[in-house]
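In the text below, chain A, chain B and the rest are named by the order of the sequence lines, each starting its count at 1.
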2 protein chains.
Amino acid sequence: MSRKTFQRLSLDVRRRSLMEATLTCVARHGLHGASVRRITEEAGVTVGLVRHYFGSKDDMIRNAYAYLVGQLTAQASESARAAEGTPEAQLASFLRANMTRPNMDEETVSLWATFIGRVRHDPGFAEIHRDGYREFLSVLETLIEPVLIHHGCPYSVAICRNHAIALNGLIDGLWMEGAINSGLYAQDILPDLITGAAERLLELPAGALSVPDIALQSTGHPTHREQQSKPS
Amino acid sequence: MSRKTFQRLSLDVRRRSLMEATLTCVARHGLHGASVRRITEEAGVTVGLVRHYFGSKDDMIRNAYAYLVGQLTAQASESARAAEGTPEAQLASFLRANMTRPNMDEETVSLWATFIGRVRHDPGFAEIHRDGYREFLSVLETLIEPVLIHHGCPYSVAICRNHAIALNGLIDGLWMEGAINSGLYAQDILPDLITGAAERLLELPAGALSVPDIALQSTGHPTHREQQSKPS
DNA sequence: CACACTGTTATACAATTGATTAATTTTAAT
DNA sequence: ATTAAAATTAATCAATTGTATAACAGTGTG
């Protein structure tokens, strides 16, 4: 009967491995089914390590949530930065990125929702959520501002912020319902749908955010844009 | 040591009492903290009744989720029906109702999010969610249609449906982020914010959905509408 | 009033939970 | 090679979990 062989990993690597295993288990079995044993088995280690790297299971889960939110906001900022070209193209690319993989992913949404449910009663979760939300709003404002100015729309910090709040609501709602997708509509209508909706929300001329020939390869659907998204 | 005295309640009453206790516990402690013992204590009964009224704890929770979704959609339909007057006033009233109590309630949102997190991996939950979502979309389409027609907007079933999807996303997102409210803005800017956003989303003339003097008492804020929506 | 029915309580049970501790093994420094 | 530090395992703990079962008690029926 020999002991399990193991590797000593650096603090960062091991911590991240445990947090990712935590997220995997929470997504798969819910918060209630994500036991320390399942998580550590998923990470390929034994239970004792939880205490060693995090004080407790709850602490590990909080850290995993922060890790998830960090990934999400980083991904969002990334999508925004990656898009080049006009401010319109950047905003459009950001919106479309949130309606396609990998950003719009059912497992991620499940995770996100599960944690959101704990925000109300756990101050630690609340802080993590608030920071992520603030960051997302900030990114949106940065993207919206030059578009409004460029089109000579009525502009002020307050207007821009209100637009960001509304647009964030739209993104969140479509992101969630779209990812969970109940089969009531095809998911691939969403990129065009949100583009049109954003144009109207910001009172831009129709088509202001639609793809200008090139420039949107990064969304994954470069070639076919067409009929289905035309509400008018 | 005497036994606990008790009342024999009708099947419906007892079942509902157990489901409500379940929702209370899930909201307060999360799915993982909502044990059979806590739930039955909350309901004022002993653990054995779970097996008697529901086959298992999981079955009870599924039923509680369906009960919650039923309440939510009923509340939404109610808000829609309660509003009288022009189609614009009805839609406006519906939107505002979703941005104010009792519809916009942090505990309800927490519950909703917690359950959404299980939709992906539990077919029972998925079906319940889909039915609720379909109902909500249907209500929205019914409200949107006459408004579009009345304003001579471009109209078709497909257009109306796309508008409903977008508007539903907007409502869901704002409802959730607003209820959780992280203190990044005042919650009471939301009724006016969503009204304006909906006007632009549907390409209605500015002010088409703003309160026409009376007609909106049912939202709970009849008298003061104005100044506070300026975040700056 | 006695009866049967069943809603309800009380208790027991095996399984799982998160936490703790001591014994080991890896790793790096000497 | 030796040694010391610490990362990791393995085993144990009391507490809690969901379920099952038998005893009890309230309710309406004859």
Side-chain angles (χ1 to χ4, degrees), chain A residues 1-26 28-65 114 118 121-122 124-125, chain B residues 1-26 28-65 114 118 121-122 124-125:
Chain A
M1 212 55 167
S2 65
R3 247 174 188 240
K4 177 183 179 185
T5 64
F6 60 91
Q7 261 192 327
R8 299 175 71 137
L9 295 185
S10 80
L11 187 139
D12 283 347
V13 173
R14 187 63 87 192
R15 275 178 66 94
R16 185 163 25 196
S17 141
L18 277 169
M19 290 189 293
E20 281 168 358
T22 302
L23 295 182
T24 299
C25 287
V26 171
R28 211 178 331 216
H29 309 105
L31 262 181
H32 62 293
S35 67
V36 172
R37 284 171 175 78
R38 259 210 270 257
I39 293 171
T40 51
E41 183 188 22
E42 172 76 24
V45 297
T46 51
V47 293
L49 277 199
V50 169
R51 178 174 157 81
H52 191 258
Y53 282 100
F54 307 89
S56 65
K57 179 202 178 187
D58 282 347
D59 193 46
M60 181 169 70
I61 289 187
R62 255 187 298 273
N63 276 277
Y65 177 44
T114 299
R118 295 313 302 149
H121 292 283
D122 187 317
F125 279 42
Chain B
M1 213 56 171
S2 67
R3 252 176 183 240
K4 177 183 178 185
T5 64
F6 61 91
Q7 261 192 331
R8 297 174 74 133
L9 294 186
S10 79
L11 187 140
D12 283 347
V13 173
R14 188 64 87 191
R15 273 178 68 94
R16 185 164 26 196
S17 143
L18 276 169
M19 291 189 292
E20 280 168 358
T22 301
L23 295 181
T24 300
C25 287
V26 172
R28 209 177 326 208
H29 309 105
L31 261 182
H32 61 293
S35 67
V36 170
R37 284 168 175 78
R38 259 210 270 256
I39 292 171
T40 51
E41 183 189 23
E42 172 75 24
V45 298
T46 52
V47 291
L49 277 199
V50 169
R51 177 173 158 82
H52 192 259
Y53 281 101
F54 308 88
S56 65
K57 180 200 176 187
D58 283 346
D59 193 47
M60 181 170 69
I61 289 186
R62 255 187 297 273
N63 276 277
Y65 177 44
T114 299
R118 295 313 302 147
H121 292 284
D122 187 318
F125 279 42

A:R38 vs B:G44, nearer the 5' end of DNA chain C by closest nucleotide: B:G44
Candidates C:dG18, D:dT19, D:dT9 - which lies nearest the side chain of B:V36: D:dT19
DNA chain D contacts made by residues 55-65 of chain A, counting heavy atoms under 4.0 Å: none
Sugar-phosphate only, base, or nothing, as touched by A:S35 at under 4.0 Å among non-hydrogen atoms: sugar-phosphate
A:T40 and A:V45, any side-chain heavy atoms less than 4.5 Å apart: yes
A:R38 CZ to A:C25 SG distance, which is reported to the nearest 0.5 Å: 7.0 Å
Any donor-acceptor pair under 3.5 Å from A:T24 side chain to A:E20 backbone: yes
Sugar-phosphate, base or nothing in reach of A:V50, heavy atoms under 4.0 Å: nothing
Under-3.5 Å donor-acceptor pair between B:R51 side chain and D:dG18 base: no
Of the listed nucleotides D:dG18, C:dT8, C:dT17, the one nearest the side chain of B:H52: C:dT8
First of A:G48 and A:G33 reached from the 5' end of DNA chain C, by closest nucleotide: A:G33
Touch class at under 4.0 angstrom, heavy-atom based, for A:Y53 against every strand present: sugar-phosphate
Closest to side chain of A:T46, choosing from C:dG18, C:dT11, D:dT9: D:dT9
Main-chain N/O of B:L18 paired to B:T22 side chain as donor or acceptor, under 3.5 Å: yes
